[in-house]
Structures are given as C-alpha cells and as structure tokens.
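Below, chains carry the letters A, B, ... as their sequence lines are ordered, and counting in each starts from 1.
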Amino acid sequence: MARFTETVLVTGLNATDNPGPGVAVAQSLRDDPDFGGRIIGLAYDMLDPGHFLPDLFDASYLIPYPSGGREALFDRLAYIQEREHAGVLLPNLDSELPALMGQEAALGALGLRTFLPSRAQFDQRNKDRLGELRDKFGIPVPRSVNLVEVEGVYALHKLFPFPMVIKSPFYGATIVHNTDEAVHAFWSAAAQWGYPVIAQAYVEGEEVNVTALGDGRGGMVGAVAMKKMLLTDKGKGWAGVTIRDRGLLSLSEELLRVLSWRGPCEIEVRRDRQGAFHLLEINPRMPAWVDLCFGAGQNIPLATARLAAGEAVTSLPDYRVGAAFVRVSTNTLLTIEELETLSSAGERHGRRTS
Amino acid sequence: MELDLAISPSGFVFDPRTGATFSANPAARLLLEGMQEGEGLAALVARLQAHFEVGEADDLERDVLEFLRVLQDETLVPAERELEG
Amino acid sequence: MSEKPRYERPSLQRHRSGAMNKMGSFPGLRSKGQIDGVAVGELVERYGSPVFVFSQRTLEDRIRTLRDAMRLRWPRVQLAWSYKTNYLDAICQIHHREGSWAEVVSGMEYERAMRNGVPTSQIVFNGPYKDDASLERALVGQSMVNLDHYDELAAAERIAERLGLRPKVGIRLNMSAGSTPRWSRFGFNLDSGQAWDAVRRLLGGGKLDLAGIHCHLGTFVLDLDAYREAAGKLAAFANRLRDELGVKLDWLDVGGGFASQSRLKSQYLPGEQATPPLSRYAEAVADGLRGLNTPPSEMPLLILETGRALVDDAGTLITTVVANKRLPDGRRAVVVDAGVNTLFTSFWYQHQIHPAVPLHGTPEPTVIYGPLCMNIDVVADSLLFPPVEVGTHLLVGPVGAYNIPQSMQFIFLRPPAVLISPRGEHGLIRRAEVLEDLVSLDRVPDWLRGE
C-alpha cells in the first residue's frame, strides 16, 4: 500500500497506571515505515504523559472534557485544525465517542474523518445489553440480569449459583459469595453509578483479550489475541503475549459479523476449564496494548487511520504468535518551564527527531 | 510582604516552598508582583489603574482585599497578614 | 499610545490533578446574544428581567418531529399535550393547532383544556385523584378516563349507574420495565396480576366498558429499552384481553417520560449526547408494540403524552447578574435575579448557562445564587465560569418544562413569559405579576378589623 502521509489526531494520552491507549496508538503509527504523517496528541490534563514524549508526538493540545459538551469540543478542534490541518481523528476513550459518533458532517467541515461505530452499535455493546447478544445471536455471554430494585437481589440465587458478579454498566465489578454480600455490592454500585445494577453468573477461568477491527459491513479486517502475563492491582495488563486459538478468533469474527461493527474494539473473553469461551465485555476502541498488534504484524491503528481516510483495507496479514510486551514505567525529567508552556498555552510543539 | 513565588510573564506561578503551581490572570500577576515589592493597598490599586482600563463599576480596593484572602486561603501568605495603607 | 487592556478582576487558580485544563471544560462558554434572532437586550428592555422566553419554532419542530417519527412506525397516532408540563394558554394552543389533544390530571387542568377549545372527547384524564364532580364531567363528556385504583373504579360505577350511562374507561397499569426505577404508586400492577384482577372486576361490574390501557413509566427516562419492554407488555396484555375476554381496545396509551436535552445532576455527559433523539423513542415504542395481535381494521389509537421532551428545549430564562461575592472557601459567587422560586428544576438539573455577551478571563469555580433570602436558593453549584459583571444577562436553559407551573410567588412575584414567533415577532404570553394579583386573594376577618 502507498505510504500514509496524513496528519492524525490521537486522544487518550494518559499513559498512567490505568493507561489510555493514545501513546500505544501513536507508537504503532510512528514505528511503521508505511507511516509518513504527523501525529498530534489531544489530552485532558497537562500532566498526561503523552505530552512529554516528543519522539512520538509532533505537538499536543489540551481539549475540553467530554462533560463539557460537543460545542466546546468542536470549538477547540476548529482551533487545532487551523494550525494542524489533520485528516484523521482517532479517539481512544469510551467517553469521547458519544460526542463524535454520527457527526461526520461537522467533523468533515473541519477536514476530519473517523472510523467509528454507529450509536446503535455502541449501545448494543453496553454491559446491560450484552445478554441480548446471547438471546438473539447465540453469542456465549454469561447469564445476567439487570436490577433496578434491591428486591431482585434476594431472588438471584434462583437464577444462578454463588459466587456471582455484581457490576455497573460503567465501571467496576465485585465477586460476591452470598446474598448479604450481593446486597452490599448492589447498594454500592447503585450509589456510585445509578441503575441498572447487573448481576452476572461468574465464570471461572482465564481472561484472554482480542483487539479486532471491523469494516462496518460485518467483516473483520484484523484481529490479534493476547493473554495477559502480569496484572496490576487494577487488573490492567502489565505484560502480555500474543496467542492463537481458533475458537477465540471465530468468536470475535462472529461478534463483528452480528454487530456489523465499524472500527476497532477490544473483546474481553474468559475461557473456562472446559475450554469454552464466554464474552465479558466489548470496549468500543483500541486497548492500551494495541502496539503489541503492530509488533505481531497487524498495525491496527494504521489500518484504522487508513479506513478513516477512505482507503480500502480488506484484511491484514496473519500475526505472529509469541510476540510479547512488558510495560516499562520510567520517569521523564521536566523543567518547570515545560509545565508552564502547557499550563499557559494549552499546547506544546516540536518533535525530537534525532 | 514576603512572597517567595516564581512568577512567569505568562501567569504561571510556582510556589517553591510547597511545589504547588497556579495560573494567574494578568491582574493577579500584577498584584503578586506588587506584593513581592512590598506594596500596600493604595500602591496595589494604583498599579492596577496604571495597567488596565478600569470601568466605573469596578471596585479595585475590594478586589485587592479579596485577592489577599485568596492568597491566605492558598497559604501563600500567613492568615494574619494585613496590607498596609 | 496603545490602548490599555480592559480590567478583569484578579484570579488565581491552583492546578489540581484532573482539573489542569482551562480549555473550555464547561458548556455555555459561548455567548448567546439572541434567541431566535431577537436580541437579548431588546427582550430585557421590553419585558424586564427575569423573563421566560419561548421559541414557537422549536416547540413546533419538536411536536412535528415526534408526531412524524411515530406515524412512520404506527398507523394511528395521537399526541396528547401533558398540561401540567406547561399550561400557559399560548403554549397549549400551539400544541392544539398542531393537532394534539390534551392530557390532564385534575379538574382545574380539565377546565383549562376546555377553555382552550379542546372537545371533551379529546381530553385524556389521568391522575390518582379525580374528584367526583370532575370524574362525572369527564365520563359524561366521553373523555378518555384512565382509572388509577379500585376506589376510583367504584366511583365511576356509581356515577354511571346514577346517570344511566355506560361509559368507556381505561385503566392505568404499572410495571417494571428496562432499567428505569419502578413507579408503582400509580395504577394497577401488571406483573403481579393485580391489573388482570382489576379488569375482571371492571367487566364483572357490568357498568363500564374497558376501552383503553395506559402506562406512564417515569420521568426523564433515558433508557430506550424501558419503552420497548413496556410497550411489549402492553401489547401482550392487550392480546390477552382480546383472546381471553374478547375486549377490543380503542386506545393504547404509553404515557410520557421522554427526556429533553437537559442534564440531570448525576449525569456526566450533556443531554446532546445522553438523550436519545425522539425518533429512537418512537422506534422503541413501535418495536415493543410489534407483538400486538390485532386486525388492521381494529388497530387501537396509540396515544403519547409526551410533555417535557416537547417543550423543555423551547424555553429559556433570561436572568441578570446583580452581585459578585467571594466565598470563604475561595469560590466565586454570583447572585442573579431569578432563583429556585422561578427555576424549580434547578434542584434536579444542571442547566446550561450562557452569557448574553462574550466573557473573557479565567473560568473559576463559581456558585450561582438566586435572590431569595434562603440558603437553598442555588441556581448552579460548582460551575466553571469566567468573571462576570453586574448587569450581565445570562441565558438559562432548557427550562420550558415544569418551571412555569411550579414557580411560586415566594419572596418575589413571578416573572412574565414571552413567545417568539417563527417570523421573529414577540409578545407576552403571561404578563408579570403585580402585588394586586396576590393580595386580592387575601381576606382579613372582621374580628381583626376595628380597634
């Protein structure tokens, strides 16, 4: 394929201990000889680590939080586009998508293109609606029930055995072993995140993850499966290795087919002791380990950028099994002046190309 | 008044004692600079008048005194400190 | 000589993790100098401040959008304007001009609908308390009365017997649906079988005909599945009525509850991103009703009682800054001339607040207080807002739903309301209250007169 030379906007520069994917996305673009464009980082906090990686980013800008609304975001994007003239936007955080999905015209007016799911696809993968995938399409999703009142908790034991998982559609999950614990978990999830609260059958086994890219017409452009080798105390992968399992990849393919998923996603799956797979979550974006895909032979960030730009990418080459990553946490030294630049101007310029 | 702060022309303020950083708008930066030079209330008001187009509704004296409270809340100046004059 | 920069009050913002971003991280950064092409200054000069301003164009657009979206998916659709959401005559009449019927929940509202020219047969009468006189008037007038409980059922039977009528009535159902908290206090419960018992009781009485079923899930329901599920349960109930009892329904009423573009206090994303468009609500209702097993010639009328989602976004309140303060905790405070007496919805919603003129300067954590001498009078807490001068007009929205009927004359009189036509004309649709409006109701008994 021809070299890709568009300027790309990349969000999610929070490569902290609960990392956003932006730095891994930028790394995959930068390290690919087929990429000849500029990379502009978009961040929410002036201390987001991505600001301080001048080997990766040509410039970075602060942007308003998603809670600030579309108007504020598009005003800021217009400002950035006057300076950067980027052609593609790769949003990497779940909370950014509602402001961007279905906004092709407004983004196009700024010269930006994306490759995102539709709102209906995005909603279909909400945790409180995953059960529909099981009921409608036979996707193996652990049995679950949405609760809006605590009464329902007392009847849970009739549905599936303890232990079970109590979680909110947004964040966090608690494994509970009896009704008392379930009631407690119900109230704390409801207090923090509201309703519904989801109770789900617990599947014992190993978690495996897939990064996949759907073409929006039911096809799978690429997919890489990974097993986490080391977890942080937040359950985030600290090290991982690519694996191959035909069942896992065909489950991913089936999922993308029934959803007609458009764009990248991360599929979280548990393999039980019998070797069967159970779908836990679909994240509507690339994961923070997406640079492993590139390392294994599938540059999913670049393929996403190409699809956004309107290029035809039908399928990525097979990937290498046994490619591994470990996240290296190091400190970068700064001067107070570098902080001042971001604080005062809200932007930073200049790439190091030694 | 003792005010050991690093203040940049862009309004970035660094407190070397605590490591806290702040953003100051132009009026706040001007007042911090004046306080570092030991100016009292009248001088600080005059400093603002010299640099800005001030409207009739503006009450500079009140704004300076309120700003001093902000600095005290941020523990940049001791709570008991009052401006002179 | 160069111009000196305009003075802005000193502001010092500590950098905190998660808040080191001054890049417009709040909605309403943009100024809005006009409403539907009419300058805010002109409106205030003519009508004073505070003032409610309604956009006829937005209101009509919303009504037509919902009606058309529903008609695309269901053959017989009727909107019934929820009077309690906003019962200004002009607002109600815009709905009726667009073909909407009336949905009322008290005798007073019923009379308001009548004086707006709505035929009694086009009034839906809901609510947990319908006094005997109002109930009788509605039954005689062949309104669509949805019964809420057994005592009301008995009252309707007494009236029918006394007058020698055999009125058609509906019953209200409640149920669990989707992830919306259950409103179980209104109507008969479907899931427990109570609703079925009520139907058998109603038919067994032999004095009333069952012609409709109604449910109303809740308010500001963002969960489309709740409507899909509720409509599905209504359809299944209607099928059972038909199959087992031979009841053919004239109407199926799915109530209201659709969300506006407003934003609950607990809500992270603004309404523009969190609220489904009206077309998707319509789609969810139609999806749910798909299971209805009725020949095309006997299709019941689908009634929607949408209130908030139609009128909320059409209403703005213009208010004016009257004072600036600094609170002991360092936050800035702004006092405006309209508080929770006027904006009752500020208790639950984070309204958008746009200045009428562009504001410069660093946004700071700011509280916006109303004018009441009451601690609870907070219009907006913890807002990031730039410095704002006394006299600046602020536009608060969306506030078209519930604020007019729920505002009160506590400490201040109620403000006027203005309508802007699609052609840009504007005029009062409620004049400002004067003291006489209030004191004319007061009476001083004889024993307090004299010496």
Side-chain angles (χ1 to χ4, degrees), chain B residues 3 5-15 17-36 39 41 44-77 79 83, chain C residues 1-26 29 320-337 355-367 382 384-394:
Chain B
L3 206 56
L5 295 175
I7 305 164
S8 81
S10 68
F12 185 80
V13 177
F14 174 60
D15 179 355
R17 191 172 45 91
T18 63
T21 59
F22 303 84
S23 290
N25 74 350
R29 181 173 58 84
L30 214 60
L31 289 177
L32 290 172
E33 288 167 357
M35 289 175 181
Q36 281 186 322
E39 289 180 3
L41 179 60
L44 290 169
V45 168
R47 187 182 267 262
L48 289 176
Q49 276 165 338
H51 283 82
F52 294 108
E53 187 64 48
V54 177
E56 269 183 30
D58 293 317
D59 183 343
L60 297 184
E61 203 162 300
R62 182 183 86 165
D63 291 350
V64 171
L65 291 172
E66 263 190 8
F67 186 64
L68 179 66
R69 298 285 167 245
V70 171
L71 298 182
Q72 288 170 338
D73 288 339
E74 295 290 2
T75 68
L76 294 173
V77 296
L83 287 170
Chain C
M1 196 189 104
S2 65
E3 289 267 303
K4 286 192 284 188
R6 176 84 186 82
Y7 172 70
E8 283 164 8
R9 286 198 304 278
S11 154
L12 185 77
Q13 291 297 305
R14 177 187 280 266
H15 298 151
R16 289 185 172 84
S17 174
M20 298 191 196
N21 181 347
K22 62 179 182 182
M23 293 305 142
S25 52
F26 61 99
L29 175 66
T320 304
V321 175
V322 297
N324 276 293
K325 292 183 148 178
R326 178 71 64 178
L327 300 177
D329 62 7
R331 285 181 302 168
R332 219 153 39 79
V334 171
V335 184
V336 297
D337 62 7
V357 292
L359 297 181
H360 306 287
T362 319
E364 281 185 69
T366 302
V367 196
S382 64
L384 272 179
F385 214 70
V388 55
E389 283 177 44
V390 168
T392 306
H393 304 308
L394 304 179

Relative to chain C, which segment of B:L30 carries a heavy atom at a distance below 4.5 Å: side chain, backbone, both, or neither? neither
Please output the side-chain donor-acceptor pairs of residues 46-57 of chain B that fall under 3.5 Å, not counting sequence neighbours, one pair per line with the distance.
residue	atom	partner	partner atom	Å
B:R47	NE	B:E39	OE1	3.0
B:R47	NE	B:E39	OE2	3.2
B:R47	NH2	B:E37	OE1	3.0
B:R47	NH2	B:E39	OE2	2.9
B:H51	ND1	B:R47	O	3.0

Any salt bridge linking C:R6 with C:E389? Criterion: basic side-chain nitrogen under 4.0 Å from a carboxylate oxygen. yes
B:R29 side, atom CZ; B:I7 side, atom CD1 - distance, nearest 0.5 Å: 8.5 Å
Please check: side-chain N/O of C:N324 versus main-chain N/O of C:R332, any donor-acceptor pairing under 3.5 Å? no
Engaged part of B:R62 at the chain C interface, taking heavy atoms whose separation is under 4.5 Å: side chain
Please classify the contact between B:D63 and chain C as side chain, backbone, both or neither, with a heavy-atom cut-off of under 4.5 Å. both
Which atoms of B:F12 come close to chain C, meaning under 4.5 Å heavy atom to heavy atom: side chain ones, backbone ones, both, or neither? side chain
Does C:E364 pair with C:R326 as a salt bridge, N-O distance under 4.0 Å? yes
Against chain C, work out which of B:V64, B:D73, B:L31 has the most heavy-atom pairs shorter than 4.5 Å and name it. B:D73
Proximal component of B:V13, with respect to chain C [non-hydrogen, under 4.5 Å]: side chain
